[in-house]
Amino acid sequence: MENKRENWGSRIGFIMAAAGSAVGLGNIWRFPYLAGENGGGAFIVIYLMFVVFIGFSIMLAEFTVGRKTGLAAVGAYKKINRSFTFAGVLGVLSAFFIMGFYPVVGGWATAYILKSFTGLLSDPAAIGDMFGAFIGNPVEPLIWMAIFLAINIVIVAKGISGGIEKAGKILMPTLFVLLILIAIRSVTLPGAGAGLDFLFKPDWSVVNGGTFLAALGQAFFSLSLGMGCMITYGSYLSKSENLPSSALTVSLMDTSVALLAGVAIFPALFAFGMEPAAGPGLVFVVVPQIFAQMGGLGPIFSAIFFIALMVAALTSSVSLLEVVVAYLMDERGWARKKSVYLSGAIMVVTGILSSLSLGVMSGFTLFGVGAFDFFDILTDKIFLAIGGLILAVFVGWFMDKNELKEEMTNGGAIKFGLFEFWYALVKFVIPIAIAIVAFFGITGIAQTSLMLFGLAVIAVLAIFSKKL
Ligand code: PHE
């Protein structure tokens with residue numbers, strides 16, 4: 001059965017696709033605004049710690065489980081231990097919920113490609129208000145969300161190596177180069193130094209439990225972990241690939257893009273005299289202002305930036321859709337096209353709800369938050385981290401240590417000197433660390449009730465695990 005599974009066209013193809021999944025709105029849209037809201041440098045230090053000690057290990061664990069079983073998330077758990085099938089299903093649910101808000105932001109990026117030419121840059125002082133008016137509009141962002149989602153559906157319907165791989169290979173490097181250019185422009189603006197201080201001189205007085213949970217959730221979100229995505233991608237990986245070095249490469253790429261986005265945004269933000277805690281509009285407000293000062297070439301650069309951002313978002317969202325689709329195909333026996341169209345259709349509805357929750361439907365709340373925040377908080381602050389905790393417990397306590405080592409070293413063909421360290425992290429340190437951060441990091445009534453709701457969902461799934 002394993003032989004029939006599609007494989008990645010090449011090693012670089014896999015790295016690019018996995019990095020494509022990791023690098024996305026999480027790095028360029030989310031990371032800067034979370035860092036801004038959580039005090040800058042201190043958040044970044046905590047984030048980096050989580051990436052090194054938790055993210056990398058979990059990614060390696062996911063690749064290993066995926067390749068060992070040759071199955072997507074649900075099938076992989078099920079094959080090893082039926083009591084854990086629920087963890088795979090939880091991942092599918094997370095993917096589905098992330099797709100409840102991700103296409104909305106992907107749609108904003110898509111819209112800004114066109115807007116670059118239609119007056120976005122003409123009045124720098126109005127860029128912030130324009131963003132607010134745009135996302136609150138009851139119709140316009142819905143159209144762009146639908147366009148973004150439609151592109152996803154077309155790519156995933158074509159199948160994994162045809163669509164996903166090609167898109168990633170060409171446009172990821174473009175994004176990287178562009179971010180470097182923007183970062184150079186940003187740090188050379190007068191007054192940029194304050195932004196670099198904000199990023200790299202941690203102010204520990206602003207840190208609390210919430211900072212830790214925000215950083216942990218962001219690490220999982222940004223590295224595409226805790227929901228089976230990297231298990232699914234790993235399942236397409238050939239037996240000769242080096243898993244530890246693949247996980248290292250992908251984590252490094254993801255982290256460097258996030259830091260680069262920070263360096264691109266904060267110096268400019270301080271140079272323009274803006275507030276770092278401006279929230280989700282940050283990248284859509286700061287970056288156009290940089291381009292607005294460039295004169296004639298501004299619109300062209302701005303358009304290229306938003307094309308690259310849209311594509312980065314796409315290579316991530318297709319991986320999310322693929323998790324749902326792989327589940328329907330592998331576990332429910334559906335055809336690829338049927339799986340894609342049906343799940344895509346439901347995502348249109350959740351996307352509409354999310355988008356409208358930022359405008360006309362802002363009064364309509366669930367657990368005290370609108371649809372957009374509901375999907376966002378539930379996945380990023382709850383499901384992903386707890387999904388990671390469950391995976392760590394599963395790998396550490398329910399899988400055979402020798403088999404893990406065997407898989408990770410390709411049967412002894414390659415060396416992985418840190419195996420024992422990795423194993424201790426996954427078995428003991430990570431589950432405890434996540435539990436502590438999740439417990440002390442939840443703040444406020446809305447988040448607490450969402451956490452209770454999330455835990456209830458997980459408990460129900462776990463009870464019925466063997467039936468899933
Ligand atoms: N890592 C992606 C990003 O940073 C989002 C994502 C999360 C993709 C989980 C897949 C799984 O934008």
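When a ligand or atom number is given, it counts from 1 through the structure's own listing order.
Ser256 and Leu252 make their closest contact through OG-O, 2.7 Å (heavy atoms, listed as atom of the first residue, atom of the second, distance). Closest non-hydrogen pair, Gly26 versus Tyr102, comes out as N-OH, 4.2 Å.
With sequence neighbours left out, the salt bridge (charged side-chain N to carboxylate O under 4.0 Å, His left out) criterion links Asp380 to Arg30. With sequence neighbours excluded, no residue satisfies ring pair (Phe, Tyr, Trp, His ring centres under 6.0 Å) with Phe86.
Ring geometry for Phe131 versus Tyr112: interplanar angle over 60°, hence perpendicular rather than tilted (30 to 60°).
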Kindly print each ligand 1 N/O atom paired with any protein N/O atom under 3.5 angstrom away, one pair per line, or none if nothing qualifies.
unit_1, atom_1, unit_2, atom_2, d
ligand 1, 1 (N), Ser21, O, 3.2
ligand 1, 1 (N), Ala22, O, 2.9
ligand 1, 1 (N), Phe221, O, 2.7
ligand 1, 1 (N), Ser222, O, 3.0
ligand 1, 1 (N), Ser224, OG, 3.0
ligand 1, 4 (O), Ala22, O, 2.9
ligand 1, 4 (O), Gly26, N, 3.3
ligand 1, 4 (O), Asn27, OD1, 3.4
ligand 1, 12 (O), Leu25, N, 3.1
ligand 1, 12 (O), Gly26, N, 2.8
ligand 1, 12 (O), Tyr102, OH, 2.5

Donor-acceptor pairs are to be reported for all side-chain atoms of residues 429-441 against protein atoms at under 3.5 Å, with residues two or more places apart or in another chain.
none

